[in-house]
Amino acid sequence: MKGRVLALDIGRKKIGVAVSDALRISSNPLGFIDASNTKKALEKIGGLIREYEASEVVIGIPKIMDGSLNEWALRCREIGAEIASSFNVSVKEVDERLSTKEAERLLIDAGMSRTKRKNVNDQIAAAIILRSYLDSQSGV
């Protein structure tokens, strides 16, 4: 069995992070990384890859509704390429057009306040991206 999968929801201010279990069945939110300094953020991602012995990293690509890529989606791809070359892991892309909205809806449905949602939304979005990837790999 391959190692765990780390998922990233890359934003301009924060990077939401989630990780699979060793069997690649569950998707667990981990927290977020400050995205204001790309070099430091990449170092923290590398630390998580090592800590969780991840063999794959899934990057959410925020496509436009028509499926095309805007400037931010292209930047997310660049970050994914930096991760692949820096940490010798396979990087996969997942269309994450609605993951942040889905995370927001789930947190509202759970009765979470706006302030608390702001602190966990990115990591829940990363868990949704990871769940989507794991489901696509298992044929669900």
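- Counting heavy atoms from C-beta outward, Ile45 and Val17 have side chains that stay 4.5 Å or more apart.
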Exercise for the section: Please report the C-alpha distance between Val5 and Leu130 in whole Å, then the side-chain angles of each, then the deciding distance to 0.1 Å, and finally whether the side-chain contact (heavy atoms from CB on, under 4.5 Å) criterion is met. Expected result: CA-CA 8 Å; Val5 180; Leu130 180 54; 3.5 Å; yes
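- The backbone N or O of Ile128 lies less than 3.5 Å from no partner atom in the side chain of Ser132, so there is not a single donor-acceptor pair.
- Closest approach of Gly11 and Ala35 over heavy atoms only: O-CB, 3.6 Å.
- Screening residues 71-81 for salt bridge (Lys or Arg N to Asp or Glu O under 4.0 Å) gives Arg75-Glu78, Arg75-Glu82, Arg77-Glu93 as the qualifying pairs, with residues at least two apart or on separate chains.
- In summary, of the residues considered (Asp122, Ile15, Leu42), a side chain to side chain contact (heavy atoms under 4.5 Å, CB included) with Ile33 occurs for Ile15 alone.
- For the pair Leu8/Ile83, a side-chain contact is recorded, criterion being any heavy-atom separation below 4.5 Å from C-beta on.
- Remark: side-chain polar atoms of Trp72 are paired, donor with acceptor, to backbone N or O of Ile10 under 3.5 angstrom.
- Side-chain contact check for Ile59 versus Ile129: every heavy-atom pair is 4.5 Å or farther apart.
- Applying the salt bridge (Lys or Arg N to Asp or Glu O under 4.0 Å) rule to Glu53 yields no partners; only residues at least two apart in sequence or on another chain are considered.
- For Phe32, the side chain to side chain contact (heavy atoms under 4.5 Å, CB included) partners two or more places apart in sequence, or in a different chain, are Lys14.
- For Lys92 against Tyr133, the heavy-atom pair with the smallest separation is CG-OH, 3.6 Å.
- The number of heavy-atom neighbours closer than 6.0 Å to CG of Asn70, taken from other residues, nucleotides and ligands shown, is above 12.
- In this structure a side-chain-to-backbone donor-acceptor pair under 3.5 Å is present from Ser27 to Ala127.
- Taking Ile25 as the reference, Asp21, Leu23 meet the side chain to side chain contact (heavy atoms under 4.5 Å, CB included) condition, with sequence neighbours excluded.
- For Arg131, the salt bridge (Lys or Arg N to Asp or Glu O under 4.0 Å) test picks out Asp135, with sequence neighbours left out.
- With rounding to the nearest 0.5 angstrom, the CG atom of Asp9 is 10.5 Å from the CD1 atom of Ile61.
- Judged as a side chain to side chain contact (heavy atoms under 4.5 Å, CB included), and not counting sequence neighbours, the contacts of Lys39 are Asn37, Glu43.
- In this structure, the side chain of Ser90 does not engage the main chain of Glu56 through any donor-acceptor pair within 3.5 Å.
- The two atoms that bring Asn28 and Ser20 nearest to each other are ND2-C, 4.3 Å, heavy atoms only.
- Closest approach of Ser26 to Leu134, counting heavy atoms only: O-CD1, 3.6 Å.
- Residues Ala18 and Gln123 come closest through the heavy atom pair CB-O, 4.4 Å.
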